Amino acid sequence: MHKQRMFDLARPSRQHWLGYLLLAPAVILVAVIIIYPLIISVDLSFQNVKLVKMGDARKPFTLINYQRLFTSPDFWMACWVTLKLVVAVTVGSLVVGLSTALLVNNKFKGRTLARLIMALPWAVPEVIAVVIFAWIFDSSFGLMSWVFIKLGITTEMVAWVSTPGAAFWAVAMTMIWKGFPFVSIMTLAGLQSIPSDFYAAAKVDGANVYQRFRWITLPSLMPVLGVTIVLVLLWVFRDFSIIKVLTNGGPLKSTTTLSIMTYDQAFGFFRFGYASAVGVITLIICVIASLFMLGRGPKSGL
């Protein structure tokens, strides 16, 4: 009887039911791990909850968390810092990653080692990477300040993590170093899929290196770059450990992003309802940004 039922599900007219059956465990797992906590967070954002306790009755529905949020200068400051960081890290990772991918795509001696070195930062755990960069940006004996002095950019050691402007760029450079290998790997995969006949025909027509990049490489990479940009953007939005370990959101909240603000409100001040509101707004911003980038795909290639 059991074999007969499985045979019936394997019929072409009932294969969609077999697909649903095979997908059910994964759907249930996603619902438990992602959807259920998301529903709880949205529900908490409409409650004036300072400390969540198991078994407590639900607090009354209220919009006070969102009222406080949209009238809070700290929230708008966190939005501005997040926006700046997203733009700086995304553009920096894209430029460095694309340049590196174009370099290692060429045939030269030691290309395999160069590709391995290119992907190394992505494999390093974030906390270890931040510890390394904390030494690089140290205000007393940091490598970055020494390089700046040697290049004549400055005459004294720079207090990177204790100066608002410098701390922001210290975080941005750390995130670019950590994120550009992902862009390189994705771009390299796209470069490998471009037929070599395109370049051979362009050379016959007299196209130079820039023209081949402009009219062949870049348009062919647009679908890959579009998805990559969205993934990098979402990574910068949600990243927490780099900022927390390197600057802890300071100084003067110059590196306090929405993710840092959510953590501080939840586990620093135990305002779980308010922190949930910040998280919900962050999620909405991420969804809108992703839909905007992906929605431009058919028109611009992204």
Side-chain angles (χ1 to χ4, degrees), residues 30 33-35 37-42 44-46 65-66 69-98 101 122 126 168-169 171-187 189-190 218-219 221-244 247 249 253-266 274-302:
V30 170
I33 296 178
I34 298 177
I35 299 178
L38 180 61
I39 295 174
I40 294 298
S41 298
V42 174
L44 276 176
S45 69
F46 291 105
N65 292 321
Y66 291 97
L69 191 64
F70 292 124
T71 57
S72 171
D74 293 338
F75 169 72
W76 295 111
M77 178 67 176
C79 289
W80 174 238
V81 172
T82 304
L83 177 62
K84 290 193 301 180
L85 196 62
V86 166
V87 173
V89 175
T90 303
V91 173
S93 299
L94 185 63
V95 171
V96 178
L98 180 58
W122 184 255
E126 283 193 352
F168 174 84
W169 288 110
V171 170
M173 284 188 281
T174 304
M175 297 183 75
I176 290 172
W177 181 86
K178 189 70 177 68
F180 89 86
F182 174 73
V183 180
S184 298
I185 294 171
M186 295 287 287
T187 306
L218 201 56
L221 287 177
M222 276 303 178
V224 176
L225 291 178
V227 176
T228 304
I229 290 173
V230 172
L231 293 176
V232 172
L233 183 147
L234 295 177
W235 168 65
V236 178
F237 255 107
R238 68 167 180 78
D239 192 80
F240 169 81
S241 57
I242 291 179
I243 304 174
K244 187 65 177 179
T247 64
K253 299 184 179 180
S254 60
T255 58
T256 298
T257 59
L258 290 171
S259 61
I260 295 294
M261 183 179 181
T262 303
Y263 177 87
D264 289 342
Q265 293 298 325
Y274 189 72
S276 298
V278 179
V280 170
I281 296 299
T282 304
L283 175 63
I284 293 173
I285 294 174
C286 289
V287 171
I288 293 174
S290 301
L291 292 177
F292 173 76
M293 295 297 296
L294 296 175
R296 296 182 59 193
K299 298 178 181 179
S300 63
L302 289 178

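Note that the numbering runs from 1 along the sequence shown for the chain. These numbers come from a predicted model, not from an experiment.
How far OG1 of Thr82 is from CD1 of Ile243: 7.5 Å, rounded to the nearest 0.5 Å. Rounded to the nearest 0.5 angstrom, Arg238 CZ and Thr262 OG1 are separated by 14.0 Å. Atom OG of Ser276 sits about 11.0 Å away from atom CD of Gln265, to the nearest 0.5 Å. Separating the CD1 atom in Ile176 from the CG atom in Leu85 is a distance of 8.5 Å, to the nearest 0.5 Å. Atom CH2 in Trp235 sits 9.0 Å away from atom OG1 in Thr90 (nearest 0.5 Å).
When all heavy atoms of Tyr274 and Met261 are compared, the closest pair comes out as OH-CE, 3.8 Å. Scanning all heavy atoms of the two residues, the minimum distance from Ser41 to Val280 falls at O-CG2, 4.3 Å. In terms of heavy atoms, Gly249 sits closest to Ile260 at CA-CG2, 4.3 Å.
Side-chain N or O atoms of Ser259 include one that pairs as donor or acceptor with a backbone N or O of Asp239 at under 3.5 Å. Under a 3.5 Å cut-off, the side chain of Ser72 and the backbone N or O of Leu69 do not form any donor-acceptor pair. Between the side chain of Ser184 and the main chain of Gly97, a donor-acceptor pair closer than 3.5 Å is present.
In this structure, the side chains of Leu94 and Val183 come closer than 4.5 Å at one or more pairs of heavy atoms. Looking at heavy atoms from C-beta onward, Trp122 lies out of side-chain contact with Phe180 at the 4.5 angstrom threshold. At least one side-chain heavy atom of Val236 sits under 4.5 Å from a side-chain heavy atom of Met175. The shortest distance between side-chain heavy atoms of Leu225 and Leu218 falls below 4.5 Å. You'll find the side chain of Leu38 reaches within 4.5 Å of the side chain of Leu283, heavy atoms only.
Atom CH2 of Trp169 sits in a sparse spot, with 12 or fewer heavy atoms from other residues, nucleotides or ligands closer than 6.0 Å.
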Using the side chain to side chain contact (heavy atoms under 4.5 Å, CB included) rule, take Ser290 and Leu234 through it: C-alpha gap first, then chi angles, then the decisive distance, then the call. CA-CA 8 Å; Ser290 301; Leu234 295 177; 3.4 Å; yes
Check step by step if side chain to side chain contact (heavy atoms under 4.5 Å, CB included) holds for Val86 and Leu233. CA-CA 6 Å; Val86 166; Leu233 183 147; 3.9 Å; yes
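Counting only residues at least two apart or in different chains, salt bridge (charged side-chain N to carboxylate O under 4.0 Å, His left out) contacts with residues 72-86 comprise Asp74-Lys253.
Ring geometry, Phe240 versus Tyr263: the interplanar angle falls from 30° to 60°, so the pair is classed tilted.
Applying the salt bridge (charged side-chain N to carboxylate O under 4.0 Å, His left out) test to Asp264 and every residue at least two apart in sequence or in another chain returns Lys244. Every side chain to side chain contact (heavy atoms under 4.5 Å, CB included) that Thr282 has, sequence neighbours left out, goes to Phe237, Leu258, Val278, Cys286.
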